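All of these numbers come straight from a predicted model, not from anything done at the bench. Below, chain A is the first sequence line, B the second, and so on; all start at residue 1.
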2 protein chains.
Amino acid sequence: MANRIITDEAFLITALDLFRTYGFEGVSLKQLADATGLEKASLYYRYPGGKDEIVLAVATAVSQWLETNIAAPLAGPGTPRKRVACVVERLRELYCGGTKSCVIDVLSIPGGSPELKTGLKAAMQSWLNAYVEIAKECGLTPVQARHRAEEAMVRFEGSLVLARVLGDTSAFDRTLKLLPDLLTVA
Amino acid sequence: MANRIITDEAFLITALDLFRTYGFEGVSLKQLADATGLEKASLYYRYPGGKDEIVLAVATAVSQWLETNIAAPLAGPGTPRKRVACVVERLRELYCGGTKSCVIDVLSIPGGSPELKTGLKAAMQSWLNAYVEIAKECGLTPVQARHRAEEAMVRFEGSLVLARVLGDTSAFDRTLKLLPDLLTVA
DNA sequence: GTCTATATTAAGATAGAC
DNA sequence: GTCTATCTTAATATAGAC
């Protein structure tokens, strides 16, 4: 712990930013080393499995973030509409107003370990389930709630793709504005 | 032309399939050579600019495909609804029922030349404009038509992301089913 | 626990034979 | 126009000093 010049948490935040931007194949250990101020050999000390293990740690951290900032608030106190509004603002922040890509999307392009693929799928399913639960709470049938949840996710991911391709976040802004009605109005 | 063992068109189709699956950084010249039956040196003879030039040729071919199979049918004869239905079936085919990613999406992750980025953006804008025109033809205001077009694109790209992450094309199927109403009903 | 140095492999790219 | 052979660079990964 003595000579550590970057915490594990800060390391993972920096790594997340690289992976969501350039994808698994687009990020090298040298980039990770330069961006975090560590040498490549130090990365192997922390993550003996190399890039596969680092990206898996990033995916795990993202899953935890989603649990804390999406699933928990959606299941917590307050009116359903206010809970969704709160989640929308956290999403706006994490995705920097639509200027940053979704790491689940970008890392789902083949390249990492099978564990990564499984972890990303589980993260999105848990995110979707949180949407389903609040929609059911608002009076929608299980099937309707599932469709609304998937529509919310589809629109969110799709608007991030448009923002990346077109360099225009207006569709992302409209999507976020729509989410409360989509998930809470029966 | 004598010893050519794969046509330019077949070469680009094979290259497209690799790039849409693995992304720019995820495809090597060796993969391209193996998949097309040519040696790396032959790829450089056809495309002296290397991978950058190959992926740009792929993007150009995709732009032409979109012009022929999306823009032209949408502006052609028949009722607006039938024209959209026709386009939907071509999209279903090109994207293999949702099991293949969108090359514009996947290649928009940083990695290629600035020309690639510009070409992808132009391709999506032209696709969007074709949607806008048919929506206006059906009585929507320019602003409404623009929003419907963007919603159609957002849902299309988003449902492909979900299909890739979750391995489930049901959201993609629902999106295609929705497109005629979305683009033609005022 | 991080560093410098290096081994190993694979990538992009070119020269020259056929 | 494609091939084999090779060059150069950069990637992953490890050994051992501090």
Side-chain angles (χ1 to χ4, degrees), chain A residues 1-59 106-107 109-117, chain B residues 1-59 106-107 109-117:
Chain A
M1 200 70 75
N3 286 338
R4 181 175 293 176
I5 59 176
I6 183 174
T7 65
D8 284 340
E9 187 186 351
F11 175 85
L12 288 177
I13 289 174
T14 300
L16 164 63
D17 202 54
L18 282 173
F19 281 117
R20 79 190 322 196
T21 303
Y22 300 108
F24 180 78
E25 301 288 356
V27 174
S28 69
L29 287 180
K30 172 156 174 49
Q31 275 179 278
L32 284 163
D34 290 348
T36 59
L38 292 173
E39 289 299 323
K40 281 190 288 180
S42 301
L43 302 192
Y44 278 101
Y45 179 84
R46 293 196 186 196
Y47 304 95
K51 196 164 80 164
D52 278 329
E53 190 175 338
I54 293 172
V55 78
L56 201 55
V58 166
V106 172
L107 288 182
I109 292 168
S113 64
E115 288 77 22
L116 175 64
K117 189 175 150 66
Chain B
M1 199 71 75
N3 286 338
R4 181 174 295 175
I5 60 175
I6 183 173
T7 65
D8 284 340
E9 187 186 352
F11 175 85
L12 288 177
I13 290 174
T14 300
L16 164 63
D17 202 54
L18 283 173
F19 281 118
R20 78 188 326 196
T21 303
Y22 301 107
F24 181 78
E25 300 288 357
V27 175
S28 69
L29 288 179
K30 172 155 174 49
Q31 274 179 279
L32 284 163
D34 289 347
T36 60
L38 291 173
E39 289 300 320
K40 280 192 289 179
S42 301
L43 302 192
Y44 277 100
Y45 179 84
R46 294 194 185 196
Y47 304 94
K51 197 164 80 164
D52 278 330
E53 190 174 339
I54 293 172
V55 77
L56 201 55
V58 167
V106 172
L107 288 182
I109 292 168
S113 64
E115 288 77 23
L116 175 64
K117 190 176 150 67

Of the listed nucleotides ([options]), which one gets closest to any side-chain atom of [X]?
| X | options | answer |
| --- | --- | --- |
| A:Ser42 | D:dC3, C:dT2, D:dA11 | C:dT2 |
| A:Tyr45 | C:dT2, D:dG1, D:dT14 | C:dT2 |
| B:Leu29 | D:dC3, C:dG12, C:dC3 | C:dG12 |
| B:Glu39 | D:dT4, D:dA11, C:dA11 | D:dT4 |
| A:Ala41 | C:dA11, D:dA15, C:dT2 | D:dA15 |

| Can a side chain N or O of A:Lys30 be found less than 4.0 Å away from OP1 or OP2 on D:dA11? |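 The answer is no; no side-chain N or O of A:Lys30 sits under 4.0 Å from OP1 or OP2.
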| field | N/O (side chain, A:Tyr44) to phosphate O (OP1/OP2, D:dA13) under 4.0 Å | value | yes
Rounded to whole angstrom units, what separation is found between the [atom1] atom of [X] and the [atom2] atom of [N]?
| X | N | atom1 | atom2 | value |
| --- | --- | --- | --- | --- |
| A:Ile54 | D:dA11 | CD1 | P | 14 Å |
| B:Lys40 | D:dT8 | NZ | P | 15 Å |
| B:Phe11 | D:dG1 | CZ | C1' | 14 Å |
| A:Leu32 | D:dA10 | CG | P | 17 Å |
| B:Tyr47 | C:dG12 | OH | C1' | 17 Å |
| B:Arg46 | D:dT2 | CZ | C1' | 9 Å |
| B:Ile6 | D:dT2 | CD1 | P | 10 Å |
| B:Lys51 | C:dA13 | NZ | P | 9 Å |

| message | For B:Phe11 and B:Tyr47, I'd like to know if the aromatic rings sit close, meaning centre-to-centre distance below 6.0 Å. | response | yes
| task | Compare all side-chain heavy atoms of B:Phe19 with those of B:Leu107 and state whether any distance is below 4.5 angstrom. | result |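 A side-chain contact under 4.5 Å exists here.
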| query | Is there a side-chain contact between B:Leu116 and B:Asp52, using heavy atoms and a 4.5 Å cut-off? | reply | no
| query | What distance separates A:Ile109 CD1 from B:Ile109 CD1, expressed to the nearest 0.5 Å? | reply |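 Separation between the atoms: 3.5 Å.
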| message | So, taking the atom named CD in B:Gln31 and the one named OG1 in B:Thr36, what distance separates them when rounded to the nearest 0.5 Å? | response |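 So the CD of B:Gln31 and the OG1 of B:Thr36 are separated by 11.5 Å.
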